[in-house]
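Here is how names work: the chains are called A, B, and so on, in the same order as the sequence lines, proteins then strands, and each is numbered from 1.
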Amino acid sequence: MRIGVITFPGSLDDRDAARAVRLAGAEPVPLWHADRDLRGVDAVILPGGFSYGDYLRCGAIARFAPVMSELVPAARSGLPVLGICNGFQILCEAHLLPGALTRNAGLRFITRDVRLAVENNRTAWTGAYQPGERITVPLKSGQGAYAADPGTLADLQAAGRVVVRYADGNPNGSAGGIAGVCGAEGNVVGVMPHPEHAVSELTGPTADGLGFFASAVAAVAR
Amino acid sequence: MTHADAVARAAATPGQPQPYAELGLTGAEYARIRQTLRRRPTGAELALYSVMWSEHCSYKSSKVHLRQLAAKTPPSAALLAGVGHNAGVVDIGQGYAATFKIESHNHPSYVEPHHGAATGVGGIVRDILAMGARPVAVLDALRFGPATAPDTARVLTGVVSGISWYGNCLGLPNIGGELDFDRCYAGNPLVNALCVGVLRHGDLQIAAASGPGNKVILFGSATGPDGVGGASVLASAAFSAAGESAKRPSVQVGDPFGEKLLVECCVELYAAGLVAGIQDLGAAGVACATTELAAAGTGGMRIRLDAVPLRDPTLGPADILMSESQERMMAVVEPAKVGRFLAVCAKWDVRAAVIGEVTDTGRLVMSWHGEVVVDIPPASAADGPVYHRPAKRGADTDALAADDPASLPRPGHGDDLRQALLALAGSPGLADTRWVTEQYDRYVRGDTVLAMPEDAGLIRVDEETGLGVAVTTDGNGRYCRLDPYLGTQLALSEAYRNVAATGARPLAVTNCLNFGSPEDPAVMWQFAEAVRGLADGCAALGVPVTGGNVSLYNQTGPAAIHPTPVIGVLGVHDDVRLRLRIRFPDGKATIVLLGRTEPEFGGSAWAHVIHGHLGGRPPQPALDAERRLAGLLAAAAAESLLAAAHDLSDGGLAIALAESCLRGGTGCRVRLPGDPFTCLFSESAARAIVAVRPGERDALAALAAAHGVPSQVLGSVGGDSLDVEDCFVIPLAELAAVHTRTLPALFG
């Protein structure tokens, strides 16, 4: 089982994502932004960070990276893809997921351990959770407020495509308290909080985030 | 192209007036340059000497005192590189080494808080990178004017956003630091940033240009007009009310993305063995990097200043030498490796240019479009003048010492004590710092085991073995104002104790010495006393000083800041899985007070917060007791006797209990072993509270006795209030509300 982790210039949590993959029992495979090559991996993670410094809109430059020309069609063909934080922003910019991430309501960067409700456990990345399960993982972002037009929000809600929602208050002003969404097929998931920082109680608030990676391992094995 | 003032022209026009005074040089210093060169300097040379001989770069006022740090430092087998390098390096075992250093960015952070503080982080990270290490964490020690002053809101919010922006985008966890407020820092905030790096022993790099024929490569950002003259003008002169606007353009602008690429690029260059020598570019930019590399190496270097990649094509040689553009490094590379070096830079989109080569001429020669504009012996610029400035005990020192806090009214009974505790817990300097620390990423890289508000930050170095490093910073301007010798030892003691309270063994010391103007003999006396205190303290604790930074001229008009040495201590943790945290555990545990409490209130948080009083003597440092306490905490952690540990410092036992209760949401019930006021608010050194696991009380008592540390059972953890028997009960909800609301109420 091989799960790729893309490194863009300015990616920061690539190392953490690779560790989470390893702890979930799979082999992490480094993927490079400038290579049009997914190296035959079974799933891909776009990690957190500030790709290209995010000096333009977050993720707006990364979506044009050479590796994305391979990733987009693969994702449309069912490859499990998880975007975390900046990765979620990139997936939105690449139109693999609907909506956009905008500046936090308080206009400040927030690092906080947040409680999430898992609303959809039928995706490639959440199968290990029970529906409605509460998990605690870190949120750390300056532009984490999920936004979409009312029609899109209604569609997401109706189709059960809200994957995780903030369970104890809304830390950043996300529409409907949405913390993560998935594409129509459930193979592409984007989350703003960081499950890869919650894989051990030594270095994270909990080990609750490990389920995302274990879910993908199980999904690929099926 | 700018026409340059070439060496030949300088020799031919000895009488041409030069703006040495505007560049911050004295008449005597200018005369010394002329004597060294046996002619007038060129414009570029004058620029180079002015920045190299600035207080910031040359340490000309402090050097005579700093020498004792190395001289008195106990011999340490752990020290791989000491004072004089970009940062000190210590052996932490298993083939790993750690490097750390703290540096000030005080003046820029007042003028332009966001970018001033941001580039302070960037600068210290490059110091660590230059040692061959991967930077793994940062801490920041911040001091501002009164919390309620309008200008404090401007400076604090800007500084915090700058550190947040730069550090988060760079991908370094922020794992600790300090936040304090005092009138003396109004107009002179202290922004001190510490960076820690980790390397394998074999990766240690040196800042020297050796091997004639080796190429000199400047890489990173292009050079612009940023901060031209920042070191000589901004960091080496006191602010005057009229001068502020004129100095505004001297603050540099940071590019954390550029720095992130530079970090990854350097780490890859080191791993491939492509670097023969390396230096970061900080204050005084190319001038400093070339002179220091040349002076530390074979002795000569030839540089083509017109080969420096520019962001602004109108810059001339003097501007290029002085520019403080950020995110740049200079490497010395063997000719056969230049191609591979440039390829790694290209992979990371890092701009690189060969700008010269190492020679054996003993001269640093720089040309500008074919004309020689600099021709100097590099050591003459790198070593600089040394001043023995007059130092004299301040006229008010005795009066301050005589103003003993014993005369202040004390809380008499339970309800008064309760009110005093709540007042302290909600005071800006002791309140919950989450408003600040939530803006920092403490998780990135996934090795953060402890971060603020724990006693020290703790980073895992090796996932297999659990090896880790603990780091903290501490300073106390009030203690140092009362007695700089003792105050500095107390800051050192507290940092040492904080590291020990995580279960780590303190190993090495760094320092950032923030003082007023060295031209004031009373300030110079404070400085001399502080350095003497630090040197003696390190000798007594058996920990070497590995490096540091001096920031003088923290002064507006005649009023200097409190002398504020900020001390960083690094320790090694053999197994981070056994780390101690401050939170009281959910289950049963006995609370034990370690150390001896005396009635010591001079400079205390109680005197400051309740009475606005500063006088008397600070607590007596107890260095031998600190050493024994640290040994006990490490042993007790290794034997898993403890469920929590928290050092006692500002606010004494009262604040320590409050913080340990609030951290985990578990209360406690204690009985005080003496006069309640002294027990709660004294700030005697060498003390900690621990929560002892069930069944281990006797084992801890025996271990404490073996280490010669007094121990007293205070009570037990549990419940949802802080309950001090026969005195008061404070529900944790009430305590939390008081503790957490202060900073949001002040800063939004």
Per-residue contact mode, B:T448 against chain A (heavy atom under 4.5 angstrom): backbone
Closest non-hydrogen atom pair, B:V449 against A:T203: CG2-CG2, 4.3 Å
Part of residues 19-27 of chain A lying next to chain B, heavy-atom separation under 4.5 Å: A:R19, A:R22
Side-chain heavy-atom pair B:N168, A:K140 within 4.5 angstrom cut-off: no
Nearest-0.5 Å distance that lies between atom CG in A:D16 and atom CZ in B:R445: 8.0 Å
Residues in residues 95-110 of chain A that sit under 4.5 Å from chain B, counting heavy atoms only: A:R108, A:F109, A:I110
Contact class of B:L450 relative to chain A, heavy atoms under 4.5 angstrom: neither
Interface moiety of A:P47 toward chain B, non-hydrogen atoms closer than 4.5 Å: neither
Toward chain B: residues of residues 49-69 of chain A with heavy atoms under 4.5 Å: A:F50, A:Y52, A:G53, A:Y55
A:E201, part contacting chain B, at a heavy-atom distance under 4.5 Å: backbone
Heavy-atom proximity to chain A below 4.5 Å, by part of B:V576: both
A:D113 side chain reached by B:Y443 side chain, heavy atoms, under 4.5 Å: yes
Distance (rounded to the nearest 0.5 Å) between B:E463 CD and A:S200 OG: 9.0 Å
Contact residues of residues 2-11 of chain A (partner chain B; heavy-atom separation under 4.5 angstrom): A:P9, A:G10, A:S11
Greatest number of heavy atom pairs closer than 4.5 Å to chain A - which of B:K260, B:Q439, B:R434: B:Q439
Close side-chain approach of B:R579 to A:L202, heavy-atom, < 4.5 Å: yes
Nearest-0.5 Å distance, CG of residue B:L170 to CG of residue A:L12: 8.0 Å
Interface moiety of B:E264 toward chain A, non-hydrogen atoms closer than 4.5 Å: neither
